[in-house]
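Reviewing the structure listed below.
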Amino acid sequence: MLYSRYFIPTTKETPSDAEVVSHQLMLRAGMIRKLASGIYNYLPLGLRSIRKFENIVREEMNKADAIEMLMPSVQPAELWQESGRWAFYGKELLRFKDRKEAEFCMGPTHEEVITDMVRREIKSYRQMPLNFYQIQTKFRDEIRPRFGLMRGREFIMKDAYSFDVDSAAADLSYEKMYNAYMRIFERCGLNFRAVEADTGSIGGSSSHEFMVLADSGEDAIVSCDACRYAANIEKAESPLYSVGSNASAEPLQKVSTPAMKTIADVAAFLNVTADNTIKTLVYASDNGDLAMALLRGDHELNELKLKNYLGWDEIQMASEEQILACTGSPVGFLGPIGLKQDIPVIADRVVQGMTNLVLGANEVDQHFINANRGRDFEVSGFVDIRTVEAGDACPRCDTGKLEMWRGIEVGHVFKLGTKYSKALNATYLDANGREQIIFMGCYGIGIGRTVAAAIEQNHDENGIIFPIPIAPFHCSVVAVNTKDAGVMAAAEEIYFCLEKLGVEVLFDDRDERPGVKFKDNDLIGIPLRIVVGSKGLAEGKVEVKIRSTGEVLSLSLDEVVTTVKQLIDTAFAHQE
RNA sequence: CGGUGAGUAGCGCAGCCUGGUAGCGCACCUGCCUUGGGAGCAGGGGGUCGCUGGUUCGAUUCCAGUCUCACCGACCA
């Protein structure tokens, strides 16, 4: 490719509305341009990287026996009404009507469409297992699109859907996809973790997220430093503390704690440590149900765990009015003793072993000391409802400690069970001629987001440092002075030879000063740069600079082509 | 949807307080010069000052409304 005939609109200055590095660099490198909020043009260079990654995904999907197809982005409302998600999905689903006033939506995901196809075509257990995938544009009307391709409204996604005869077979399909995902992100040279995750609005029984580690990541994840346990913090299990204190129960006593509203205030005032106190929180569901949560004073609640335990659709902190109605006290002095309404009191498991507690008395400026469960109050259950912290013991092994990371979710695999197949009545006949419900799994990879995440993880002050497998070009040839006929001839020769070998070369033949070319080549992340200049040429030498290490090789004209080809082959060697 | 801030040339910004029809840097075009890390000189093109209305002889500037964008939050594969 001739740079002078190609289209790479780089900029020196960073657009003011780009917040994260990947967004800034993709704009500056001329990979993307914004059309509207969360909606982007993929410029030629950006598209090349996207296509590179798509092909890696495609290869691994095919190897894992998934079959490529393509579904429409416009979907009829009927299917969504049938699955129940037309009502459930909310404003994120972009809806509209056609000329006949029939309702449609832009597909945010394709469970309905694929399940509809499968229920029409799949009749027998002999036809399964099946796994269909597509690489296609999704639209989700996000409340707040941000960070460029990281959280767009329109974005490219690989989604796959597996269909199996039973749960055990579905587990195998899941495992195949999980392993394929591991290979995909390994091939891109990304530093990532597969973590246990909540299933969210997609539903189903279990799931893993694939998280690229980056400080700008929107998710918090923990991983064990000794075993393989890793989880999204939303899901991460809190370790079981050794329960049972030997202290004998002291008499319950009400004490005055004037204007002491926070755990820290109360603990300091009563001269106890925060881990002897109880934090009391009241939560409300969307239809007005209330529940009280008890945690050790220095612990944080995990709202998702509480929500899942209670089986609520939505969870939020109760309003002042709701709290006053059920406890008789304003926030700051809440506790489980003497409630005005009968609401569930959920205690974190850690609370089970605590004795002689400090907790609110449901009266302004009053707390109890030496409160004990069983004697002074009861709870509806002991449940893991706290948020894990860095340094917590691993819930799975004896020796490990949890480490905390920020991550970008680039892939997510779900075991769906029969959620959609049941709703849409996707069935088959088993060997006994009996009708059975199909078991499903679904598997997504954010294509653009992965490319952005790769940049987030691979850049320096000069720009992008693309891992070769997803770099838009493998290498470039920079002719230092295009007016020097010798330089141009040598550069062209190298360019033609490399192209003949199947290497993707960007030939920087622009009539620009060398500094401009070097800066642009660095910015767009070309992994290998071959520089042909008159000085080196006088000695029969050209220079090869490796973007990732900064290493510079001085090579003779004879060897440069084979050496570069070798360097590239080596980079791809572990790939297959 | 709540909070904050911003809309002036393709990009980054100034001007607005104190009204008189718009400026700087980068980019772009022409010429000269230059060629190993975003050179230099000279000349040039490009703007309904987000939109609508009001005040005024006159509005980018003051007032009201409205739209859009970004950030924080809530939300979210």
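Naming convention: chains lettered A, B, ... in sequence-line order (proteins, then strands); numbering from 1 in each chain.
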(request) Using the C1' atoms only, state how far G15(B) lies from C57(B), rounded to an integer number of Å. (result) 24 Å
(message) Measure NZ/Lys307(A) against P/C76(B) and give the value in whole Å, please.
(response) 6 Å
(request) Between Glu13(A) and Ile315(A), just flag the one whose closest nucleotide in RNA chain B comes earlier from the 5' side. (result) Glu13(A)
(message) Using a 4.0 Å heavy-atom cut-off to protein, can you give one letter per nucleotide of nucleotides 67-74 of chain B, 5' to 3': B if the base is in contact, S if only the sugar-phosphate is, - if neither?
(response) --SSBBBB
(request) Give the rounded distance in Å between these two atoms: CD of Glu543(A) and C1' of G37(B). (result) 11 Å
(request) Round to a whole Å and report the spacing from CG of Asp141(A) to P of C75(B). (result) 18 Å
(message) In whole Å, I'd like the distance from the CG atom of Leu93(A) to the C1' atom of C76(B).
(response) 14 Å
(request) Output all residues satisfying salt bridge (Lys or Arg N to Asp or Glu O under 4.0 Å) with Glu54(A), sequence neighbours left out; order by chain, then residue number. (result) Arg51(A)
(request) For a side-chain contact (heavy atoms from CB on, under 4.5 Å) with Met31(A), tell me which candidate from Ile455(A), Ile50(A), Ile8(A), Leu25(A) qualifies. (result) Ile455(A)
(request) Just name whichever nucleotide pairs with C41(B), Watson-Crick or G-U, keeping both distances under 3.5 Å, else none. (result) G31(B)
(message) Just to verify, what does Asp511(A) make a salt bridge (Lys or Arg N to Asp or Glu O under 4.0 Å) with, not counting sequence neighbours?
(response) Lys483(A)
(message) Can you tell me the base-pairing partner of C62(B)? Count Watson-Crick or G-U wobble geometry only, both distances below 3.5 Å, and say none if there is no partner.
(response) G54(B)
(request) Give the rounded distance in Å between these two atoms: CD of Glu512(A) and C1' of A27(B). (result) 11 Å
(request) Can you sort out the partners of Asn481(A) under side-chain hydrogen bond (donor to acceptor under 3.5 Å, both in side chains), two or more places apart, ordered by chain and number? (result) none
(request) Go through C76(B), G36(B), G25(B) for me and flag the one nearest to the Glu142(A) side chain. (result) C76(B)
(message) When the P atoms of C72(B) and U34(B) are compared, how many Å lie between them, rounded to an integer?
(response) 50 Å
(message) Does the structure show a Watson-Crick or G-U wobble partner for A22(B), both distances under 3.5 Å? Name it, or say none.
(response) none
(message) Between G47(B) and C32(B), how many Å separate the two P atoms, rounded to a whole number?
(response) 28 Å
(request) Would you please name every residue forming a side-chain hydrogen bond (donor to acceptor under 3.5 Å, both in side chains) with Arg119(A), sequence neighbours left out? (result) Glu82(A), Asp116(A)
(message) Rounding to an integer number of Å, can you tell me how far Asp511(A) CG sits from C32(B) C1'?
(response) 14 Å
(request) Between Glu218(A) and Asn462(A), just flag the one whose closest nucleotide in RNA chain B comes earlier from the 5' side. (result) Asn462(A)
(request) Write down the distance separating the P atoms in C76(B) and C29(B), rounded off to the nearest Å. (result) 49 Å
(message) Can you list everything that forms a side-chain hydrogen bond (donor to acceptor under 3.5 Å, both in side chains) with Glu68(A)? Sequence neighbours excluded, please.
(response) Arg58(A), Tyr133(A)
(request) For Arg153(A), enumerate each residue passing the salt bridge (Lys or Arg N to Asp or Glu O under 4.0 Å) test, keeping only those at least two apart in sequence or located in another chain. (result) Asp141(A)
(message) Let's test this: given Watson-Crick or G-U wobble pairing with both distances under 3.5 Å, identify the partner of U68(B).
(response) A6(B)
(request) With sequence neighbours left out, write down each residue that passes side chain to side chain contact (heavy atoms under 4.5 Å, CB included) with Asp460(A), or none if nothing qualifies. (result) Asn462(A), Ile465(A), Arg547(A)
(request) Please work out which residues in residues 526-542 of chain A have a non-hydrogen atom less than 4.0 Å from an atom of RNA chain B and list them by number. (result) Arg529(A), Val531(A), Gly533(A)
(message) Taking U48(B) as the reference, what is the distance to U55(B) when you measure between their P atoms (whole Å, please)?
(response) 26 Å
(message) I'd like to know if Lys545(A) reaches the base of G36(B) with its side chain such that a donor and an acceptor end up less than 3.5 angstrom apart.
(response) no
(message) Using a 6.0 Å cut-off, check whether atom CD of Glu493(A) has over 12 heavy atoms from anything other than its own residue.
(response) no
(message) What is the separation between atom NZ on Lys12(A) and atom C1' on C11(B), rounded to the nearest whole Å?
(response) 12 Å
(message) The test is side chain to side chain donor-acceptor pair (under 3.5 Å); show your working for Asp508(A) and Ser476(A) and say whether it passes.
(response) CA-CA 7 Å; Asp508(A) 197 342; Ser476(A) 64; over 6 Å; no
(request) Give the rounded distance in Å between these two atoms: NZ of Lys91(A) and P of C75(B). (result) 15 Å
(request) Would you mind classifying the nucleic acid contact of Asp159(A) as base, sugar-phosphate or nothing, using non-hydrogen atoms under 4.0 angstrom? (result) nothing
(message) Short of 4.0 Å, heavy atom to strand atom, which residues of residues 471-483 of chain A count as contacting RNA chain B?
(response) Val480(A), Asn481(A), Lys483(A)
(request) Tell me, please, which residues at least two apart from Glu19(A) pass side-chain hydrogen bond (donor to acceptor under 3.5 Å, both in side chains). (result) none
(message) Can you confirm if the aromatic rings of Phe414(A) and Tyr161(A) lie within a centre distance of less than 6.0 Å?
(response) no
(message) Taking donor-acceptor contacts at under 3.5 Å, does the side chain of Arg510(A) reach the base of G38(B)?
(response) no
(message) For the P atoms, the ones on A27(B) and on A39(B), what distance do you get once it is rounded to whole angstrom?
(response) 8 Å
(message) Taking C69(B) as the reference, what is the distance to G31(B) when you measure between their C1' atoms (whole Å, please)?
(response) 41 Å
(message) Would you compute the distance between atom CD1 of Ile408(A) and atom CZ of Phe210(A) and round it to the nearest 0.5 angstrom?
(response) 15.5 Å
(message) Please give the distance between the P atoms of C11(B) and A70(B) as a whole number of Å.
(response) 14 Å
(request) Using a heavy-atom cut-off of under 4.0 Å over every strand shown, decide if Asp484(A) touches base, sugar-phosphate, or nothing. (result) nothing
(message) With a cut-off of less than 4.0 Å, is there a side-chain N or O of Arg513(A) near OP1 or OP2 of U34(B)?
(response) no
Enumerate, atom names and distances included, each donor-acceptor pair closer than 3.5 Å involving a side-chain atom of residues 37-45 of chain A, sequence neighbours excluded.
residue: Tyr40(A); atom: OH; partner: His23(A); partner atom: NE2; Å: 3.3

(request) Counting Watson-Crick and G-U wobble pairs only, both distances under 3.5 Å, name the nucleotide matched with C16(B), or none. (result) none
